[in-house]
Amino acid sequence: MAATFFGEVVKAPCRAGTEDQEEEEEGRRETAEDREVRRQLARKREVRLFRRQTKTSLEVSLLEKYPCSKFIIAIGNNAVAFLSSFVMNSGAWEEVGCAKLWNEWCRTTDTTHLSPAKSFCMFYHLKSNPSVFGSCPKKNMQVIILTCRHVTDYKTSESTSSLHSPFLKALKTQNFKEPPCCPLLEQPNIVHDLPAAVLSYCQVWKIPAVLYLCYTDVMKLDLITVEAFRPILSSRSLKGLVKNIPQSTEILKKLMTTNEIQSNIYT
Amino acid sequence: MFVPCGDSVPDLAGHTLLMPAVSVGNVGQLAIDLIISTLNMRKIGYFYTDCLVPMVGNNPYATAEENSTELCINAEVYSLPSKKLVALQLRSIFIKYKSKPFCEKLLSWVKSSNCAKVIVLSSSHSYHRNDLQLRSTPFRYLLTPIVQKSVQNRIQSLNWEEMEKSPCIPEIDDSEFCIRIPGGGITKTLYDEGCSKEIPVVVLLKFVSEGDNIPDALGLVEYLNEWLQIIKPCCDDPTASALQWKMPSSWRLLFGSGLPPALF
């Protein structure tokens, strides 16, 4: 509880997230119907893998069907744009599956017209070298994750307004022995959500993995932010995969223009 | 589930497990950070779970360039074999409806590891105190029946206050009395499960309000230290004893980045 200047007492949210009493009371009032609704919601939120072309679900784990030595994950529109333009446009990549997911925050359901700006998840593998998997962790596998965060999330003793964004930082698991192509993320900065979940898994199960995190002040699709990922093209993991950089730059520019919504309030 | 860092599962039989409850002011977690950092405890494994929000970062207890690049996740286990101490640190909040399953998994691991006892460091909303509590020390303890025999005497000699029962439903006059720990997160669940499953659980908590809770964390570790004597108290001066606890390097910038000079 906190009192405001006007003398009213309001319930302030607890930083430690302890709405425990509410959960306890909910548990006591819960009927069989509530439990069934909760179960159905949980089933709806399950992530399902399927093949887009045949619309059939993938019963066997993707990594069992397509075992690989490199697993590259791009999260967010700028990271996906970078991966599509620079890595996936070198060599022929074949779509092997996609993940269908839903939760109360989802807005995209259309699977046919995808662009880096929409939220979805596709899996591709490199036809010429099936051991590379873009978009289960087995032995001898390396995981590379690309994502973006807003620069205000970055903690530093200087003011964030003095930082020159976008800039790249890395986090790697113990078993990732290659030197990263940018400075490591300093304490006390942390990462949450999907990149953190993947990296945690890899750290616990001793899989070599690296996260390249781009801090930017533009969260929508932006050329300068995508270009900030360039240093990773010189890494040992990606060097062999990227062939034609000038062509990739052209593809990236095209991606940008198709995604821009031309808005002019005067027309 | 517990996943060891190395190839073998460490033997935790007879060890005391210290753990935080994610509670108001994050006092328990800050206290565990102080303990791990001061005693230079070594990481022995991960408590890998889907019940906590995922998070990663570099070693929060780094003291030099060499040890600053070890990746840390949201739930890790540290140990100090010389004092038979094990510490579990939780670094993120529970996902909705997952706190009870987490408690069950945790307590089943405690049982299977044959830990001597579990000490839960926690906190509770200070605004929920009654008149008597407002006038007394802000520290409280709770013991599950099975651990009472072995620690009761020592605790009594310290003149500690046991957590009082309060009306289960405050609005009703003749409501039954029970233990309530508002803002304590999983503390009550751990205590209740400890009672019913005969697990030796000791709860140490402080009444706090949210804000800069570092002094509260220092207070809580000093309270624990009165009993366990994990570091030797140097003298009776409270300010000097607080200096014995080493704050981890990750406590920098707790209240955000530097300020823009243009603000002034």
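Each chain gets a letter, A, B and so on, in the order its sequence line appears, and its residues count up from 1.
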**Request:** Tell me, out of S157(A), A197(A), P195(A), who's got the most heavy-atom pairs with chain B below 4.5 Å.
**Result:** S157(A)
**Request:** Identify the two heavy atoms, one from K206(A) and one from P4(B), that lie closest to each other, and give their separation to 0.1 Å.
**Result:** NZ-O, 3.6 Å
**Prompt:** If you check every heavy atom in residues 142-156 of chain A against those of chain B, which residues fall under 4.5 Å?
**Reply:** Y154(A), K155(A), T156(A)
**Whether over 12 other heavy atoms sit under 6.0 Å from Q40(A) CD** = yes
**Request:** Please check if atom CD in E176(B) has more than 12 non-hydrogen atoms from other residues, nucleotides or ligands closer than 6.0 Å.
**Result:** no
**Asked** Quick one: CD on Q203(A) to SG on C5(B), what's the gap to the nearest 0.5 Å?
**Response** 7.5 Å
**Message:** For chain A, which candidate among I73(B), N58(B), L259(B), V53(B) shows the most heavy-atom pairs at distances under 4.5 Å?
**Reply:** N58(B)
**Message:** Can you tell me which of P260(B), A262(B), S249(B) forms the most heavy-atom pairs within a distance under 4.5 Å of chain A?
**Reply:** P260(B)
**Complete:** chain A shares the most heavy-atom pairs under 4.5 Å, among L254(B), N59(B), N74(B), L263(B), with N59(B)
**Prompt:** Using non-hydrogen atoms and a limit below 4.5 Å, what part of residues 182-190 of chain A faces chain B?
**Reply:** L184(A), L185(A), Q187(A), P188(A), N189(A), I190(A)
**Request:** Quick one: which residue pairs count as a salt bridge (Lys or Arg N to Asp or Glu O under 4.0 Å) with a foot in residues 60-73 of chain B, not counting sequence neighbours?
**Result:** K43(B)-E70(B)
**Prompt:** Can you list every pair that meets side-chain hydrogen bond (donor to acceptor under 3.5 Å, both in side chains) and has a residue in residues 251-264 of chain B, with sequence neighbours left out?
**Reply:** D33(B)-W251(B)
